Amino acid sequence: MESVSQTQKKYGSRAMIVAIVIAFMLILIDLKPVGKGLVLGTIFSVINFVLIGQTLPMRLSKSKRGAFLISLTSIVFRYAILSIPLVVAVKFEQFELPAAILGIFMVQLTILAESLFDLFTSRENQT
């Protein structure tokens, strides 16, 4: 089984690669704010994913009350981190808000895409 850091590296890297490739194509067709927004959101998505993995051992090794406080603090901090690309996209015209929002979900979309790919390829191998 993969360790947390290996999983973070795997999905974080894949999400960034996909975002950069898509952003590059968008920039080539003169949609620079969309490409920049996508990369901006993806960077913070990866940071959020890493923070989840970093706080997981702290939550598991504490008492019920301590784990609750760490979890609550972690959630508030991660939401604050995820608000940064939204604020930047609203304040600056060089970033497109919907693209930044999509970028915030890039790690989750990468995990979902891999799971769907594995599901469909395993069904094809069974037939």
Side-chain angles (χ1 to χ4, degrees):
M1 187 160 177
E2 290 181 282
S3 73
V4 173
S5 63
Q6 288 172 325
T7 303
Q8 289 173 327
K9 184 176 181 180
K10 173 181 166 182
Y11 290 117
S13 299
R14 288 181 184 177
M16 282 305 304
I17 290 169
V18 169
I20 290 169
V21 168
I22 293 171
F24 182 70
M25 289 188 288
L26 289 167
I27 289 169
L28 286 178
I29 60 172
D30 203 31
L31 294 173
K32 291 179 184 177
V34 179
K36 289 179 179 182
L38 182 67
V39 171
L40 177 68
T42 304
I43 289 168
F44 284 88
S45 177
V46 171
I47 292 169
N48 179 51
F49 191 57
V50 169
L51 289 174
I52 290 171
Q54 296 300 316
T55 60
L56 186 62
M58 288 189 287
R59 288 182 278 172
L60 296 176
S61 65
K62 300 291 182 187
S63 66
K64 190 181 268 189
R65 180 175 167 84
F68 173 76
L69 290 174
I70 289 173
S71 295
L72 186 61
T73 304
S74 170
I75 289 169
V76 169
F77 182 69
R78 289 187 301 108
Y79 282 171
I81 293 287
L82 290 175
S83 71
I84 293 171
L86 300 176
V87 171
V88 169
V90 167
K91 293 261 185 200
F92 299 101
E93 290 181 10
Q94 62 189 359
F95 299 101
E96 191 71 32
L97 180 61
I101 292 169
L102 182 63
I104 287 173
F105 292 101
M106 190 59 78
V107 171
Q108 293 90 333
L109 291 171
T110 303
I111 294 169
L112 179 63
E114 181 179 298
S115 297
L116 290 173
F117 180 78
D118 290 346
L119 177 70
F120 288 126
T121 57
S122 69
R123 284 189 180 175
E124 288 178 7
N125 291 338
Q126 291 176 355
T127 58

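Because only heavy atoms are used, hydrogens play no part in the values below, and waters and symmetry mates are left out as well, while side chains stay in. What you see is a predicted model, and the numbers here were worked out from it, not measured in a lab. We number each residue from 1, following the sequence as shown.
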Requested in this report: To the nearest 0.5 angstrom, please state how far the OG1 atom of Thr121 sits from the CG atom of Leu116.
Outcome: 10.5 Å
Requested in this report: Verify the cluster assignment for Phe77 and Ile43: are they in a single hydrophobic cluster under the rule of side-chain heavy atoms below 4.5 Å apart?
Outcome: yes
Report task. For Val46 and Met16, work out which heavy atoms get closest and say how close. Result -> CG2-CG, 3.9 Å
Check: residues 95-105 side-chain donor-acceptor pairs under 3.5 Å, at least two apart:
none

Query raised in the report: Would Ile84 end up clustered with Val87 when hydrophobic side chains under 4.5 Å apart are linked, directly or stepwise?
Result: no
**Report entry** Gln94 side chain vs Pro33 backbone, donor-acceptor pair below 3.5 Å
**Finding:** no
Query raised in the report: Which pairs, with at least one residue in residues 100-120 and sequence neighbours excluded, count as a side chain to side chain donor-acceptor pair (under 3.5 Å)?
Result: Lys10-Glu114, Tyr11-Glu114, Arg14-Glu114
Query raised in the report: Applying the 4.5 Å side-chain criterion to the ILVMFWY set and letting contacts propagate, would Ile75 and Phe49 be lumped into a single cluster?
Result: no
Requested in this report: Please go through Leu119's hydrophobic cluster and name the other residues, only I, L, V, M, F, W, Y counting, with side-chain heavy atoms under 4.5 Å joining them.
Outcome: none
Query - Nearest-0.5 Å distance, CZ of residue Arg78 to OG1 of residue Thr55 - result: 6.0 Å
Report task. Could you give me the CA-CA distance, side-chain angles and deciding distance for Ile29 and Met25, then say whether side chain to side chain contact (heavy atoms under 4.5 Å, CB included) is met? Result -> CA-CA 6 Å; Ile29 60 172; Met25 289 188 288; over 6 Å; no
Report task. Kindly give the cluster partners of Leu69, where membership spreads through any ILVMFWY side chain lying under 4.5 Å from a current member. Result -> Phe68, Leu72
Report task. Hey, could you give me the CG/CD1 distance between Leu26 and Ile22, rounded to the nearest 0.5 Å? Result -> 7.5 Å
Query - Distance in Å, Ile27 CD1 paired with Leu38 CG, rounded so as to fall on 0.5 Å steps - result: 9.5 Å
**Report entry** Met106 reachable from Ile17 in the ILVMFWY side-chain graph, under 4.5 Å edges
**Finding:** yes
Query raised in the report: Which other residues belong to the hydrophobic cluster containing Phe24, where Ile, Leu, Val, Met, Phe, Trp and Tyr are joined when side-chain heavy atoms lie under 4.5 Å apart, directly or via other members?
Result: Leu28
Query raised in the report: Which heavy atom of Ala23 sits nearest a heavy atom of Gly35, and at what distance?
Result: CB-O, 3.5 Å
**Report entry** side chain to side chain donor-acceptor pair (under 3.5 Å): pairs with one or both residues in residues 29-45, sequence neighbours excluded
**Finding:** none
Query raised in the report: If Ile, Leu, Val, Met, Phe, Trp and Tyr residues are connected whenever their side-chain heavy atoms lie under 4.5 Å apart, and connections chain through other members, are Ile20 and Leu40 in the same group?
Result: yes
